[in-house]
Engineer: 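I'd like to ask some things about the structure below.
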Protein chains: 2
Amino acid sequence: MEPLTSAGHTLYFESGLVALKNLIESHQYSKVFVLTDEHTSEVCLPVFQSFLEDFQEFDLIETAAGEENKNIDFCIGIWKTLLDFEADRKSLMINLGGGVITDMGGFIASTYKRGIDFINVPTTLLSQVDASVGGKTGIDVDTVKNMVGTFTLPQMVFIETEFLKTLPPRELLSGFAEMIKHGLIADKAYYERLKTTDYLNPAAIDIYRSVEIKNEVVTIDPHEKNLRKILNFGHTIGHAVESYSLANDENPLTHGEAIAIGFVCEAALSIKNSTLTQPELKDISEYILSLYPKYHIRKESFDSLLELMKSDKKNEDGNILFSLLESTGKCTFNCRVATADILSSLEYYNSL
Amino acid sequence: MEPLTSAGHTLYFESGLVALKNLIESHQYSKVFVLTDEHTSEVCLPVFQSFLEDFQEFDLIETAAGEENKNIDFCIGIWKTLLDFEADRKSLMINLGGGVITDMGGFIASTYKRGIDFINVPTTLLSQVDASVGGKTGIDVDTVKNMVGTFTLPQMVFIETEFLKTLPPRELLSGFAEMIKHGLIADKAYYERLKTTDYLNPAAIDIYRSVEIKNEVVTIDPHEKNLRKILNFGHTIGHAVESYSLANDENPLTHGEAIAIGFVCEAALSIKNSTLTQPELKDISEYILSLYPKYHIRKESFDSLLELMKSDKKNEDGNILFSLLESTGKCTFNCRVATADILSSLEYYNSL
């Protein structure tokens with residue numbers, strides 16, 4: 001499959017990391033670091049090493065797994081580790097893992113000694129279709145997601161479906177939600193094609209299409225001043241539900257499960273506040289519920305959810321701004337919505 | 001005095017902050033923050049406010065003064081303060097202070113929610129001629145200076161000699177060292193002119209020339225891959241002496257006093273390892289000693305100084321690399337030097 005070029009760097013698909021081997025051979029890096037978490041280290045590092053054959057000259061930096069570790073304290077620990085290992089400006093960092101690793105590793109690399117080269121090898125479906133493109137790096141401070149970060153491009157990104165074979169079904173379903181989103185906001189035909197796709201075996205061609213859509217958007221608006229906001233469709237409510245669930249549920253929602261709820265709610269908002277039609281909303285709701293387990297958004301959580309939405313990075317001057325569907329496959333942004341409508345959309349989801 | 005344009009932003013000299021007033025009026029910033037330290041707040045904030053007349057709609061964030069506070073813990077505190085004050089991506093941060101404030105404030109602004117606009121108003125001679133141009137932001141981690149940072153340009157920089165009237169002589173002398181450096185590495189005539197200048201009353205035209213020289217260098221090599229390294233002349237030894245003095249002396253050297261020692265030592269290194277002549281070395285040594293108090297570099301500190309030099313960011317593959325003078329007004333970089341020569345240069349300074 002042909003590589004995809006994106007503002008200054010290249011994304012390789014199913015390439016067996018050949019370009020990475022070549023880069024390391026031709027470029028005089030003083031040291032190579034691989035950042036991963038303890039879980040990925042176990043299941044993905046052997047695959048990574050089998051691709052790279054006998055290249056073993058790297059230092060492994062292993063973190064604990066999970067979003068709760070994408071924080072500034074872990075960052076400080078890794079910056080100090082790099083210093084202890086005498087990483088200089090000609091060092092290379094390879095981030096091997098899901099979005100937590102590529103977001104945090106990208107932030108660490110983009111700020112260590114004012115920036116060293118880094119490469120992303122996303123190993124989850126979610127990170128392959130979402131975090132792989134757009135140059136966003138970030139960490140959480142306290143409980144605020146991606147409160148601190150940069151826009152910095154990796155040298156290269158490698159997408160290998162071989163890594164996906166290590167994932168449990170729920171993890172695949174989580175990533176699949178972002179693919180559905182790409183169809184909903186930008187390509188109706190792709191959305192229809194996904195409906196006939198088995199999420200347990202995502203095809204490289206579909207991952208490619210998702211990355212291509214995201215790449216088109218972020219190339220036009222790299223710093224999320226305008227168009228890029230459409231990628232947040234489903235995320236204003238979805239992120240709030242996700243944060244609430246994380247803090248309150250015994251078995252919290254995955255990111256994909258939460259934003260799938262967000263798709264339904266924000267599609268419902270799009271009826272009144274944009275031009276989406278009732279049959280389109282029905283179609284989206286039915287498809288989401290056929291894939292994702294039904295969740296009950298508790299009435300006593302509504303106030304907390306509104307509070308969480310207010311801290312969304314898209315907001316301006318204290319107003320909650322939504323990205324809404326004009327139709328299936330077309331999205332607009334910067335939509336102000338009445339609080340009553342937001343609450344109705346949550347109730348609409350509950351009523352399904 | 002005409003503004004100086006530098007890759008994507010503008011430096012204004014003696015302009016009375018008119019462009020800042022216009023920017024705030026024309027740009028729809030959701031909030032304006034002024035970051036300063038408690039000392040600057042006392043002596044410079046009134047001057048700043050007198051320039052801005054009745055513009056008072058900003059939130060003041062005040063930190064403790066001093067390099068020891070340019071650290072990640074202060075950063076985290078300020079990120080959280082911005083969040084508490086509901087700073088969003090359309091907020092503006094004005095950094096009012098010396099290099100500690102502009103370096104740290106630039107880092108905070110360039111990473112808060114992946115980057116908000118910021119403006120630098122340097123109030124010390126050192127920050128006006130050095131930190132004002134080049135887009136370096138940074139903070140210290142543990143005792144490692146600027147271990148973490150970004151290359152990010154402010155929207156605008158304002159240089160006003162009015163602020164210099166608040167500075168004690170020793171502070172002016174410290175900044176004057178960077179001006180001497182600009183002459184030594186790039187402009188012999190400017191170096192000769194500085195010799196006849198009273199450092200207690202630096203002229204705007206001289207500050208302008210210093211900024212212009214630095215700007216020429218960083219425009220060619222913004223990310224310090226090559227040419228920009230000449231700006232580190234005197235700093236490899238100077239930084240080491242400065243760190244050592246900070247940790248061991250009751251009344252530690254200022255940055256300028258330390259790098260002035262570095263000029264003499266590295267000029268001595270330039271005799272053997274580059275093409276500087278003996279009369280030029282003599283001239284530089286005499287000029288530095290006529291301005292800066294003589295310091296004794298203790299023999300028992302030599303090993304520590306070498307260790308400190310090894311952690312310099314210019315180094316590659318564990319080699320200490322120097323920027324050395326080819327002649328007065330011309331500098332080269334990436335020079336390897338024998339350890340014995342480094343020690344001899346320290347002894348040369350002591351022998352003066």
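A, B, ... follow the sequence lines: proteins, then strands. Residue 1 opens every chain. Given the structure is predicted, the values throughout are model-derived calculations rather than measurements. Heavy atoms only: backbone and side chains are in, while hydrogens, waters and symmetry mates are out.
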Engineer: Of the backbone (N, CA, C, O) and the side chain (C-beta and beyond), which part of B:Val148 lies under 4.5 Å from a heavy atom of chain A, both, or neither?
Structural biologist: both
Engineer: Please tell me if the side chains of B:Asn146 and A:Arg114 come closer than 4.5 Å, counting only heavy atoms from C-beta onward.
Structural biologist: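 Yes, close enough: below the 4.5 Å cut-off.
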Engineer: A:Asn226: what forms a side-chain hydrogen bond (donor to acceptor under 3.5 Å, both in side chains) with it, not counting sequence neighbours?
Structural biologist: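 side-chain hydrogen bond (donor to acceptor under 3.5 Å, both in side chains) check on A:Asn226 returns nothing, list empty.
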Engineer: Can you tell which part of B:Ser91 gets under 4.5 Å to a heavy atom of chain A, answering side chain, backbone, both or neither?
Structural biologist: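 Contact with chain A: none, neither part.
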Engineer: By a 4.5 Å heavy-atom criterion (distance strictly below it), what part of A:Thr150 contacts chain B: side chain, backbone, both, or neither?
Structural biologist: both
Engineer: Is chain B contacted by the side chain of A:Thr137, its backbone, both, or neither, given a heavy-atom distance below 4.5 Å?
Structural biologist: backbone
Engineer: Is chain B contacted by the side chain of A:Lys80, its backbone, both, or neither, given a heavy-atom distance below 4.5 Å?
Structural biologist: both
Engineer: How long is the straight-line distance from CD1 of B:Ile72 back to CH2 of A:Trp79, given to the nearest 0.5 Å?
Structural biologist: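 The CH2 atom of A:Trp79 sits 4.0 Å away from the CD1 atom of B:Ile72.
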Engineer: For B:Glu224 and A:Arg89, what are the C-alpha separation, side-chain angles and deciding distance, and is it a side chain to side chain contact (heavy atoms under 4.5 Å, CB included)?
Structural biologist: CA-CA 10 Å; B:Glu224 198 164 332; A:Arg89 285 186 178 169; 3.5 Å; yes
Engineer: Taking atom OG of A:Ser30 and atom CG of B:Asn319, what is their separation to the nearest 0.5 Å?
Structural biologist: 11.0 Å
Engineer: The criterion is ring-ring contact (aromatic ring centres under 6.0 Å, His included); which residues satisfy it with B:Phe118, sequence neighbours excluded?
Structural biologist: none
Engineer: Should B:Lys310 and A:Glu86 count as side-chain neighbours, where that means a heavy-atom distance under 4.5 Å?
Structural biologist: no
Engineer: To the nearest 0.5 Å, what is the distance between CE (A:Met147) and CD1 (B:Ile76)?
Structural biologist: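 Between atom CE of A:Met147 and atom CD1 of B:Ile76 there are 9.5 Å.
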Engineer: Who among B:Cys75, B:Ser110, B:Gly149, B:Gly115 has the most heavy-atom pairs with chain A under 4.5 Å?
Structural biologist: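 Looking at each of B:Cys75, B:Ser110, B:Gly149, B:Gly115 in turn, B:Gly149 comes out on top.
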Engineer: Would you give the length of the straight line joining atom NZ of B:Lys225 to atom NZ of A:Lys90, rounded to the nearest 0.5 angstrom?
Structural biologist: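 If I round to the nearest 0.5 Å, the distance is 8.0 Å.
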Engineer: Checking A:Leu83 against chain B: side chain, backbone, both or neither under 4.5 Å from a heavy atom?
Structural biologist: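 Contact with chain B: side chain only.
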